[in-house]
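Residue numbers begin at 1 in each chain, while the letters A, B, ... track the order of the sequences. All figures in this text were calculated on a predicted structure; none of them were measured in a lab.
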Amino acid sequence: MSIHTKPDMFEKDIVINAIADSFRKLDPRIQVKNPVMFVVFVGSILTSLLFLQSLAGSGEASPLFILSITVWLWFTVLFANFAEAMAEGRGKAQAESLKKSRKEVVAKKLSGSAFDAPYELITASELVKGDVALIEAGDFIPLDGEVIEGAASVDESVVTGESAPVIRESGGDRSAVTGGTRVISDWLVVRITAKPGETFLDRMIAMIEGASRKKTPNEIALTILLAKLTIIFLVVTATLLPYSMFSAQESGSGSVITITSLVALLVCLAPTTIGALLSAIGIAGMSRLSQANVIAMSGRAVEAAGDVDVLLLDKTGTITLGNRQATVFIPDAGVTMGELVDAAQLASLPDETPEGRSIVALAKRDFGLRGREVQKTHAEFIPFSARTRMSGVDIDGRRIRKGASDMIEKFVDQNGGRFSETVHLAVERIAKEGGTPLVVADGGKTLGVIYLKDIVKGGIRERFMELRKTGIKTVMITGDNPLTAAAIAAEAGIDDFLAEATPEAKLKLIREYQSKGHLVAMTGDGTNDAPALAQADVAVAMNTGTQAAKEAGNMVDLDSNPTKLLDIITAGKQMLMTRGSLTTFSVANDVAKYFAIIPAIFAVTYPALNALNIMGLATPQSAILSAVIFNALIIVFLIPLALKGVKYRPAPAVELLRDNLLIYGVGGVIAPFVGIKLIDMALSGLKLV
Amino acid sequence: MTINGLLQIAFYLTVLLALVKPLGLYIAKVFMRPAGEAPKPEKWIYRICGVNESAEMSSKTYALAAIVFNAAGFCLLFIILSFQTALPLNPDGMGGISWHLAFNTAASFITNTNWQSYGGESTMSYFSQMVGLTVQNFLSAASGMAILIALIRGFARHSVETIGNFWVDMIRSAVYILLPLSLMLALALVWQGMPQTFTPHATAQLVEPTKDDKGSAVTEQMIALGPVASQVAIKQLGTNGGGYFNANSAHPFENPTPLSNFLMMLSLLLIPAALCYTFGVMVGDRRQGWAVLAAMAIVFVFLLGVCAHYEQSATPMLVKAGADIRASDGSSGGNTEGKEVRFGIVNSAIYATATTAASNGSVNAMHDSFTPLGGLVSLWLMQLGEIIFGGVGSGLYGMIVFAIVAVFIAGLMVGRTPEYIRKKIEAHEMKMASLAALIPIMVALIGTAVALIEPSSKASMANPGAHGYGEVLYAFSSAANNNGSAFAGLNANTPFFNISLGLAMLIGRFGCMLPVIAIAGSLAAKKSIPVTSGTMPTHGPIFVALLIAVVLMIGALSFFPALALGPIVEHLMMIQ
């Protein structure tokens with residue numbers, strides 16, 4: 001049970017619920033929120049009244065004609081409701097599984113903030129921010145919080161969909177726990193950081209359900225444009241009445257246009273296709289993200305993702321594989337390879353850092369040197385510290401050290417030796433190539449250098465190439481020195497880098513880019529990332545990160561995969577593209593509708609206008625009805641596109657525009673000619689009009 | 001179309017486009033010079049007018065200045081017209097002007113429309129023509145240019161609250177651009193034989209005496225004269241269009257020779273075309289200016305082709321009546337009804353297309369007598385919003401409004417928040433751009449509807465049926481979009497038409513101008529966004545095509561039903 005389960009596009013339950021919701025959404029208070037569809041809604045009511053009038057025998061046209069138009073106008077409204085309900089329904093299905101986990105749990109509220117303080121049993125909803133709770137193996141975590149004591153493995157599959165438990169412990173970057181997850185082993189003392197109903201899980205559910213959805217800035221601007229078009233068409237159709245009255249009177253033939261036809265014309269011309277699908281596109285965009293296991297805290301952030309043109313990427317984990325790894329041993333002059341490898345391995349055996357382990361691994365792989373039980377010998381391990389910047393082992397009177405070259409140089413000097421020139425040259429060469437040299441020494445004697453290297457992830461270079469094509473600049477953030485950073489940046493195809501990065505430097509960099517008008521996206525997990533995350537326009541916090549990081553970001557990646565930023569950008573772009581393409585399609589449709597309806601309604605006055613009936617539609621009634629039916633059905637046909645989104649490929653803007661203009665612009669002009677003609681043939685074939 | 005015709009069109013366009021760059025660059029230099037570095041004489045003008053040339057204005061102040069200035073112009077003109085009998089320079093003793101005609105004319109001239117419900121030579125005194133109308137010809141064009149420059153500054157500047165100084169922009173456009181150009185053109189026109197005099201009407205003995213409708217003998221003819229050239233020069237250059245004579249540039253004194261005709265056609269589009277280049281220079285990317293100009297030119301050439309084709313093809317009625325519609329040596333052939341045979345078909349078509357593309361409205365042929373589709377070209381060019389070249393300043397700012405709409409749709413289609421010339425286009429700009437594009441359309445459609453319902457208006461229509469309807473639609477399209485061209489045929493000097501058309505002109509002008517100033521202000525306050533390959537380029541052929549598509553789609557969707565009942569049905573009935 002996780003939100004990974006992607007609901008089928010038209011899963012039965014969702015469809016049934018959506019149909020029911022379509023009728024529920026006929027509430028005028030809901031309808032009025034969408035100006036385009038509200039016009040259709042009012043038009044439907046108007047024609048319904050005209051139908052009743054015609055039943056009474058004083059109608060402006062035959063009751064059957066008015067009824068058919070009315071029915072299809074109502075369908076248009078219902079189809080729009082259905083599209084929105086479908087999008088919401090898919091989100092709801094995801095949210096449902098999350099809600100199940102939000103069951104009432106019993107919390108152990110501690111009277112003090114220590115593990116052994118006495119506790120009382122209360123329900124989770126009674127907890128308040130700042131309370132301290134004990135969670136033991138098998139307990140659910142009642143609310144979001146920060147671990148202040150203990151370490152435990154926690155099953156977070158309800159949030160992440162990942163079945164492997166994760167470690168949560170006090171201090172550091174893994175101290176945040178999420179309400180609704182379950183401790184599997186050991187215990188935690190947690191300080192509650194969220195009120196009931198405002199937890200991460202609650203916000204996630206609200207976002208996915210679309211309950212807290214606000215219109216995004218672009219959506220507002222588009223709504224204004226659609227309202228403008230609707231007003232134009234309202235005026236166009238309304239003024240047709242006096243035009244028609246004048247023309248009929250002057251030409252002395254034919255009758256004045258009926259209100260029913262005018263309403264039909266208005267609904268056909270108004271951008272109903274995009275108007276009906278607009279909110280569905282927004283909701284679907286959000287739920288596409290949540291299917292990718294990213295929770296956006298606002299639609300605005302998703303939209304901003306499409307605009308991002310600078311990406312700040314952490315080197316480690318995003319660009320390179322984890323940590324640096326030993327790749328080559330370079331012995332000093334007069335030292336055999338065997339001596340160097342042996343010493344390096346000895347110094348690294350108790351070293352649990354990734355670098356240390358990679359040295360042992362390399363020694364085993366390339367030289368067949370197996371691990372030895374160092375503890376049993378009289379060895380003393382000297383761990384790495386930021387001050388000494390070296391580590392090593394004292395064993396059998398030997399003092400083996402490995403570390404940064406300047407520190408080892410001091411160490412060698414202290415032991416009365418001399419730092420070898422060969423080693424010095426090797427160190428310089430490695431640094432220039434972007435590697436990290438680790439010098440190994442035994443007392444006053446230098447033994448050689450270990451070449452540590454960042455391994456750039458496969459395929460990442462190609463990905464950055466794509467990004468460059470779309471105009472996105474990539475910036476690597478690293479704690480490395482500039483030389484190393486430059487080498488890795490070149491290898492990975494990064495545009496720029498920030499070396500020796502501190503939290504302040506990151507923040508400054510983001511501000512600099514923003515002041516030049518760029519939109520910056522970044523990922524982060526640590527508390528020290530929080531200021532930069534808060535400053536960035538799109539900030540994706542890793543779910544494994546601290547509470548502070550999650551609060552500062554506007555998206556949370558449940559998989560904690562920094563490369564996902566690229567998918568988020570795609571999702572943002574897709575959302576805008578879908579809106580733009582359907583708007584173009586909707587407006588382009590109007591050409592054919594004019595050619596269907598204008599001759600139909602005015603040919604009685606001016607028979608010459610029949611020349612405009614280029615589709616050869618059977619009768620005026622079937623022409624108007626076919627246009628209205630097409631207008632309604634196209635909404636249903638486009639629901640899958642609205643939910644899935646228009647396909648995005650990384651390409652320069654001008655190519656995307658050309659392609660989408662051809663598909664949705666030119667296609668939008670042609671499609672309704674075909675569609676309306678087919679519907680007309682069906683209607684007249686079945687003798688329905 | 002004849003080879004001769006094609007060559008004339010090609011020659012016209014070549015000369016026009018060749019002048020775009022030098023004039024555009026000159027205009028840009030005029031407006032880009034900091035006020036502090038202005039030469040002495042310019043500073044004297046500021047001192048005399050009490051203008052602090054270095055004070056920058058916010059968009060609100062700028063808009064207020066524009067409104068106050070135009071309102072003052074309106075009052076002044078209204079008073080001059082209403083009291084012309086009491087004012088000097090009235091040698092022919094022109095009578096008083098009704099209040100509604102004065103209202104209409106004042107509204108018409110301050111809005112750069114120059115709709116004329118009157119015949120100039122039989123209504124206006126020399127004082128009214130020169131001090132009243134000609135002055136407003138300058139000022140309304142200068143207003144349009146000033147507001148365009150403010151909008152351009154909105155793009156060129158970033159993160160500031162101000163968009164320039166209205167008074168400085170006004171004075172500079174009048175003193176450095178309109179006055180020198182008008183002086184040159186006026187002298188050239190005088191050289192070609194156009195009158196420029198204060199002497200009263202001349203009287204000539206008729207060679208063949210005739211009788212008037214009452215049967216009394218007519219032996220002499222009054223030949224109207226006056227300060228014609230000075231008004232005609234600015235009427236052409238300032239996209240005003242209000243003729244000195246009722247027959248406008250079809251009158252031999254208002255258009256004496258083929259050369260004067262060519263100069264006038266050239267000056268119709270000269271400044272609006274050059275301003276596109278100015279735009280490119282001032283926003284720091286000349287390609288942007290060329291792109292907009294290309295969009296305008298393509299639509300223009302296409303519609304000119306349609307107009308010239310249908311005028312040259314004449315009508316089945318003419319053929320049936322035995323008219324020789326073939327082009328031959330000494331005759332242009334085609335539909336010569338309502339055209340000056342001195343100019344022929346092509347020069348009438350160029351003039352008609354250019355005068356309605358630019359919001360000029362002066363004519364050298366009667367549009368009412370064009371073939372239905374030839375006349376549709378003029379009508380539709382106005383309905384597009386006077387943005388294919390359009391009025392001085394107002395044409396380009398109108399086109400930029402459409403570019404903003406085009407950019408918005410394009411931006412969405414490539415998946416980015418739309419941006420135009422390094423500025424993000426957001427809800428506020430969309431709201432204002434929608435208003436600016438919407439208002440003239442609504443005014444034209446609603447105005448026509450009201451006029452059709454109004455019982456008194458039927459008496460004003462010269463032709464019944466579809467053509468009468470076309471005349472009313474033409475009048476309101478012309479007024480709402482500040483063109484001023486008339487389909488003739490319609491007697492508009494009635495209280496109803498004077499007032500309704502006057503209102504249409506005012507709403508159309510300021511309903512578009514004020515949102516544009518608001519856009520200028522909000523753009524200026526925005527950050528400037530760097531251009532990347534993810535930016536939708538707005539200078540390439542794709543964008544030009546999109547811009548044209550947006551302009552034509554909005555124009556077609558808004559007016560197709562209205563046009564279908566007018567010129568389109570007329571055409572269909574004609575060819576049946």
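For chain A, the nearby parts of B:Ser558 are the backbone and the side chain; heavy atoms of each come within less than 4.5 Å. If you measure heavy-atom distances from A:Leu269 to chain B, you find no contacts under 4.5 Å at all. Contact annotation for B:Lys458: only side-chain heavy atoms (C-beta onward) come within less than 4.5 Å of a heavy atom of chain A. For chain A, no part of B:Ser159 is nearby; none of its heavy atoms comes within less than 4.5 Å. With a threshold of 4.5 angstrom between heavy atoms, B:Phe408 approaches chain A through side-chain atoms but not through N, CA, C or O. Using a 4.5 Å cut-off between heavy atoms, A:Val587 touches chain B through backbone and side chain atoms alike. With a 4.5 Å cut-off on non-hydrogen atoms, A:Gln249 touches chain B through its side chain but not through its backbone. Proximity to chain A (any heavy atom under 4.5 Å) is shown, for B:Ile446, by both the backbone and the side chain. For A:Leu225, the parts lying near chain B are the backbone and the side chain together; criterion is any non-hydrogen pair under 4.5 Å. In this structure, chain A has no heavy atom under 4.5 Å from any part of B:Ile575. For chain A, the nearby parts of B:Thr417 are the backbone and the side chain; heavy atoms of each come within less than 4.5 Å. Heavy atoms closer than 4.5 Å to chain A are found nowhere in B:Met432, neither backbone nor side chain. Neither the backbone nor the side chain of A:Lys473 comes within contact range of chain B; no heavy atom of the residue lies under 4.5 Å from a heavy atom of that chain. The part of A:Ser515 that comes within reach of chain B is its backbone (N, CA, C, O), which places non-hydrogen atoms under 4.5 angstrom from that chain. Looking at B:Val450, neither its backbone nor its side chain comes within 4.5 Å of chain A, counting heavy atoms on both sides. Heavy atoms of B:Met573 lying under 4.5 Å from chain A belong to its backbone as well as its side chain. Proximity to chain B (any heavy atom under 4.5 Å) is restricted, for A:Thr470, to the backbone atoms N, CA, C and O.
Note that the CZ atom of B:Phe543 and the CG atom of A:Leu661 stand 11.0 Å from one another [nearest 0.5 Å]. Atom CZ of residue A:Phe246 and atom CG of residue B:Leu565 lie 10.5 Å apart, to the nearest 0.5 angstrom. Summarising the geometry, atom CG belonging to B:Leu557 is positioned 4.5 Å from atom CZ belonging to A:Phe233; distances are rounded to the nearest 0.5 Å. Rounding to the nearest 0.5 Å gives a distance of 8.5 Å between CD1 of B:Ile409 and CG of A:Leu222.
Counting heavy atoms from C-beta on, the side chains of B:Arg416 and A:Asp309 come closer than 4.5 Å. With a 4.5 Å cut-off on side-chain heavy atoms, B:Met413 and A:Thr583 do not count as touching.
Here the closest non-hydrogen pair linking B:Leu452 and A:Pro242 is CD1-O, 4.3 Å. The minimum heavy-atom distance between A:Gly580 and B:Leu412, with the atom names listed, is CA-CB, 3.5 Å. Here the closest heavy-atom approach between residue B:Ala562 and residue A:Tyr243 is recorded as CB-CE1, 3.8 Å. Between A:Leu609 and B:Ala564, the shortest heavy-atom distance links the atoms CD2-O, 3.7 Å. Between B:Glu426 and A:Ala221, the shortest heavy-atom contact is C-CB, 4.1 Å. The two residues B:Leu438 and A:Lys228 come nearest to each other via the heavy atoms CD1-O, 3.6 Å.
Looking only at heavy-atom pairs under 4.5 Å with chain B, the residue among A:Thr223, A:Thr605, A:Leu240 that has the most is A:Leu240. No other option in A:Asp307, A:Asn660, A:Val236, A:Val235 has as many heavy-atom pairs under 4.5 Å with chain B as A:Asp307. The greatest number of non-hydrogen atom pairs below 4.5 Å with chain B, out of A:Leu576, A:Thr578, A:Leu234, is found for A:Leu576. Note: A:Gly517 leads A:Ser581, A:Gly517, A:Ser244 in heavy-atom pairs under 4.5 Å with chain B. Contact count versus chain B (heavy atoms, under 4.5 Å) is highest, among A:Ile232, A:Leu229, A:Thr570, for A:Ile232. Contact tally against chain B (heavy-atom pairs below 4.5 Å) for A:Met575, A:Glu303, A:Met245, A:Lys469: the top residue is A:Lys469.
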Would B:Met442 and A:Ile231 count as a side chain to side chain contact (heavy atoms under 4.5 Å, CB included) here? Give the steps.
CA-CA 9 Å; B:Met442 304 228 319; A:Ile231 293 171; 3.5 Å; yes
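More than 12 heavy-atom neighbours from other residues, nucleotides or ligands sit within 6.0 angstrom of CZ on B:Phe496. Heavy-atom contacts from other residues, nucleotides or ligands closer than 6.0 Å to CZ of A:Arg300 number 12 or fewer.
Residues satisfying the ring pair (Phe, Tyr, Trp, His ring centres under 6.0 Å) test with A:His518, not counting sequence neighbours, are A:Tyr513.
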